[in-house]
K.L.:
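Structure incoming, see below.
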Protein chains: 2
Amino acid sequence: MDQDLALPLPQKLANQLREGLIGGAFTPGQRLSEQALCDELDVSRNTLREAFRLLTKEGLLEHKANRGVFVTTPSIAAVIDIYRVRRMLECPALAHAYPNHPAAARMRAAVQSARAARQRLDWREVGSANMRFHTAIVELADSERLSGFYAQVSAELRLAFFLLDDPELLHAPYVDMNEAIISLLEQGRPAAAAASLETYLNQSERTILAALARRAAA
Amino acid sequence: MDQDLALPLPQKLANQLREGLIGGAFTPGQRLSEQALCDELDVSRNTLREAFRLLTKEGLLEHKANRGVFVTTPSIAAVIDIYRVRRMLECPALAHAYPNHPAAARMRAAVQSARAARQRLDWREVGSANMRFHTAIVELADSERLSGFYAQVSAELRLAFFLLDDPELLHAPYVDMNEAIISLLEQGRPAAAAASLETYLNQSERTILAALARRAAA
DNA sequence: CAAAATAAAATTGTTGAACAATGTTGACGG
DNA sequence: CCGTCAACATTGTTCAACAATTTTATTTTG
């Protein structure tokens with residue numbers, strides 16, 4: 001998927017660590033020891049630290065002076081902020097999209113993947129496909145920088161998902177909503193699609209905030 | 001302005017370099033020698049390289065493998081992309097703003113600075129004040145992440161400004177437009193303000209693209 | 001003389017070790 | 001039980017070294 005071979009080592013490292021982070025290999029709040037990771041990944045401390053800076057800038061890690069780096073624990077405020085961003089990026093992108101945009105095909109493909117995964121109860125893949133769906137929505141806007149920013153924000157959101165432990169509740173209900181959204185766009189009704197998307201985002205935000213609040217209470 | 005004393009050295013370095021970059025201390029396309037900057041700034045290569053990574057991720061520097069880092073030369077495509085982003089962030093932020101938002105006061109203050117600077121023909125400060133004005137617009141949206149992203153994008157845009165050499169043409173005409181925009185917002189007419197802003201952005205984009213095209217031809 | 005091939009120099013990429021500064025742990029005494 | 005202080009571990013930063021690559025200079029060749 002990546003032609004990582006050409007990339008400098010710290011970036012490869014950062015990509016590898018990011019995969020682990022959004023894949024749930026580490027738990028939020030966990031401290032990442034330089035020594036331990038250097039040994040495990042077989043790179044020097046300097047190289048690892050450069051990768052840490054990258055991921056810190058993306059919001060996936062937090063750096064506390066003289067104490068080390070920690071996996072970000074998404075706060076309620078962070079989730080609220082992320083959903084505000086999502087509404088501001090995704091809804092206009094969809095509202096102004098034209099149905100033949102290549103990203104629309106990616107939206108459709110993501111929905112089909114999600115349906116198939118749901119049928120075999122593979123909630124992990126349902127979540128991934130859902131993310132591809134929304135990434136494609138932002139790509140409708142045809143802005144390299146916007147897409148890059150969205151990738152960053154959604155990676156941070158994934159961290160929040162791993163705080164919760166009911167992936168079915170988290171992703172399953174949204175497959176059909178995505179289906180409806182892409183269908184509306186394909187029918188040339190982008191405004192209606194955007195309205196559905198906003199409903200989706202509000203509902204999703206509430207679900208996650210509620211789950212997060214329950215977790216904080218416990 | 002910054003409490004840089006507490007920040008780790010690479011970040012302080014990055015801030016310092018960023019100031020230089022958006023202040024025009026380097027010219028786009030210029031190569032930054034590690035050795036030379038290490039000597040000049042009195043830091044080690046490792047530390048400098050960490051700062052480079054940060055700025056590369058922000059789009060201010062470009063990293064070519066085994067060849068070093070170069071000051072980004074903004075392309076026509078980059079400028080178009082940046083203005084697309086600006087329209088998508090600034091216009092909705094302004095349209096949904098309420099006039100008593102603290103950021104509105106910052107908009108007003110920026111306009112006053114710009115007027116004063118224009119009177120004494122200090123185009124550099126006019127440009128800075130103009131940037132503060134638009135930063136404040138994004139802050140109306142109350143999103144930490146959005147503001148951070150905008151800071152990054154506008155830093156990149158500043159690079160493009162330094163490619164041009166007529167700061168008066170670039171900034172002077174917009175002081176009055178900004179004045180009109182904040183006045184509309186203060187009068188409780190955010191929709192009209194947003195419409196004016198869109199006009200502003202379109203006009204500004206055309207000016208810069210034209211200047212950039214002239215420069216490319218020469 | 002021009003162009004290609006080659007050798008030399010300079011630069012970046014990565015590592016490892018060193019030491020200072022800061023944080024953490026645990027024993028000790030009140 | 002709580003605070004103090006020393007021992008320990010970890011991070012922050014620098015330095016030196018070497019491999020890999022690019023740039024420059026030189027030589028060879030047509």
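Any value given below was found using the heavy atoms of this structure, including those in side chains, with hydrogens, waters and symmetry copies removed. Sequence lines set the chain letters: A, B, ... in the order given, protein chains first and strands last, and positions in each chain run from 1.
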K.L.:
For the side chain of A/Arg31, counting heavy atoms from C-beta on, which of C/dT24, D/dT11, D/dA16 is nearest?
P.N.:
D/dT11
K.L.:
Step by step, work out the side-chain contact (heavy atoms from CB on, under 4.5 Å) result for A/Leu17 and A/Leu32.
P.N.:
CA-CA 11 Å; A/Leu17 288 173; A/Leu32 298 184; 5.6 Å; no
K.L.:
May I ask you to evaluate whether A/Thr47 reaches the phosphate of C/dT15, defined as a side-chain N or O under 4.0 Å from OP1 or OP2?
P.N.:
yes
K.L.:
With A/Tyr200 as reference, evaluate A/His134, A/Glu205, A/Glu90 under the side-chain hydrogen bond (donor to acceptor under 3.5 Å, both in side chains) test and give the passing residue.
P.N.:
A/His134
K.L.:
Return the value, rounded to whole Å, for the distance between atom CG of B/Asn66 and atom P of D/dA20.
P.N.:
11 Å
K.L.:
If only side-chain N and O atoms of B/Ser33 are considered, is one of them under 4.0 Å from the OP1 or OP2 phosphate oxygen of C/dT11?
P.N.:
no
K.L.:
What's the closest nucleotide to the side chain of A/Pro8 if the choices are D/dT13, D/dT22, C/dT14?
P.N.:
C/dT14
K.L.:
Of the listed nucleotides (D/dT13, C/dG16, C/dT24), which one gets closest to any side-chain atom of A/Asn46?
P.N.:
C/dG16
K.L.:
Please pick, from D/dA16, D/dG12, C/dT12, the nucleotide with the shortest atom-to-atom distance to any side-chain atom of A/Arg49.
P.N.:
D/dG12
K.L.:
Please report, rounded to the nearest Å, how far the P atom of C/dG23 is from the NE2 atom of A/His63.
P.N.:
11 Å
K.L.:
To the nearest Å, give me how far apart CZ (B/Phe70) and P (C/dT11) are.
P.N.:
13 Å
K.L.:
Send over the distance from B/Arg45 CZ to C/dG16 P, rounded to a whole Å.
P.N.:
16 Å
K.L.:
Which nucleotide, D/dT11, C/dT12, C/dT14, lies nearest any side-chain atom of B/Arg53?
P.N.:
C/dT14
